[in-house]
Protein chains: 2
Amino acid sequence: MVPRSDLLKGSSNSLLLCLLEQQPMYGYQIVKELAARSQGYFKFKEGTLYPALHRLEKSGLITGKWQMLPNGRRRRYYYITAKGHAKLALERTQWQDFLKALKLILQPGASNP
Amino acid sequence: MVPRSDLLKGSSNSLLLCLLEQQPMYGYQIVKELAARSQGYFKFKEGTLYPALHRLEKSGLITGKWQMLPNGRRRRYYYITAKGHAKLALERTQWQDFLKALKLILQPGASNP
DNA sequence: TATTATGCCTAGAAACTCTAAGTAAATACA
DNA sequence: TGTATTTACTTAGAGTTTCTAGGCATAATA
């Protein structure tokens, strides 16, 4: 298997929103979760993830809250907002439209009027 | 339907190779074909398409040949090369791996060991 | 004759990812 | 106890790809 995370370009936002819709997470956790769940396929680099989270927060799609652990360590948990939910719903349909369009290209004449 | 061609980022190469595998085409035709077949979804801008074709040609995945029409107009037809075929085969499996990984993220616990 | 369609090309801005580094503290291990 | 690893976040800069926006030239059409 050859991981090609560059296929993610443009849809990493959706992926992050999707994850955070399932449960709030902090950056480091997201990196680990994505790798674990995708069986090593997705390896978000920190230089990719954190700026992405910051962009999403600045856009109001997620909000981050610092949390201090008993051991003194700090984490920034991100929560999806109402605006984020709406955006995700939109992006889901956009993804489906995209895949539909792709299919039309890849299978010419399948059901073209 | 909201077209989001930015979802294409990183996979426009595959899309072009796919098209040219079906039949050789020239740039202007590709723009029209993509729009027609995808029912208006894909609207490759010329500023995107031509540099992409040049990149593919420089990489040896396609070759372009000028053709003069009887009316004096010229077209540059692009043909997929053997190297291009191989690359496309690879990218197809990469796409499937990508979609598989995506599914694992979007449907957590579906079949995780 | 003027407009539209055909057909190609490119420069520069914008967006996103990666590399690569830094900062800091807790934990594991020898 | 000292060192390495893990946890956890941040950012600067380079590279890639797309879009905007324009240019050039000829043929068909109104």
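So that the names make sense, note that chain A is the first sequence line, chain B the second, and so on, each numbered from 1.
- The OH atom of Y28(B) sits 15 Å away from the C1' atom of dC24(D) (whole-angstrom rounding).
- Of all heavy-atom pairs spanning S11(A) and W95(A), the tightest one is CB-NE1, 3.5 Å.
- Phosphate contact (OP1/OP2 of dT17(C), side-chain N/O of S12(A), threshold under 4.0 Å): present.
- Between R55(B) and dT18(D) there is a side-chain N or O to OP1 or OP2 distance below 4.0 Å.
- For dT26(D), the OP1/OP2 oxygens have no side-chain nitrogen or oxygen of N71(B) closer than 4.0 Å.
- With dT10(D), dT11(D), dG7(C) as the candidates, the nucleotide lying closest to the side chain of R75(B) is dG7(C).
- For the OP1/OP2 pair of dA8(D) and a distance below 4.0 Å, the side-chain nitrogens and oxygens of R76(A) include no atom meeting the criterion.
- Look at CD1 on I30(B): it is 15 Å from P on dT6(C), rounded to the nearest Å.
- Remark: K65(B) qualifies as a cation-pi partner of Y79(B) under the 6.0 Å distance and 45° angle criteria applied to the six-membered ring.
- Ring geometry, Y41(A) versus F98(B): the interplanar angle falls from 30° to 60°, so the pair is classed tilted.
- Residue R74(B) is the one, among G47(B) and R74(B), whose nearest nucleotide of DNA chain C lies closer to the 5' end (criterion: closest heavy atom).
- For Y77(B) and dG7(C), the OH to C1' distance is 11 Å, given to the nearest whole Å.
- Taking atom CG of residue L53(A) and atom P of nucleotide dC16(C), one finds them 13 Å apart after rounding to whole Å.
- Here dT6(D) presents its C1' atom at 11 Å from OH of Y26(A), a figure rounded to the nearest Å.
- One interatomic measurement links the two molecules: CH2 of W66(B) to P of dC8(C), which rounds to 6 Å at whole-angstrom precision.
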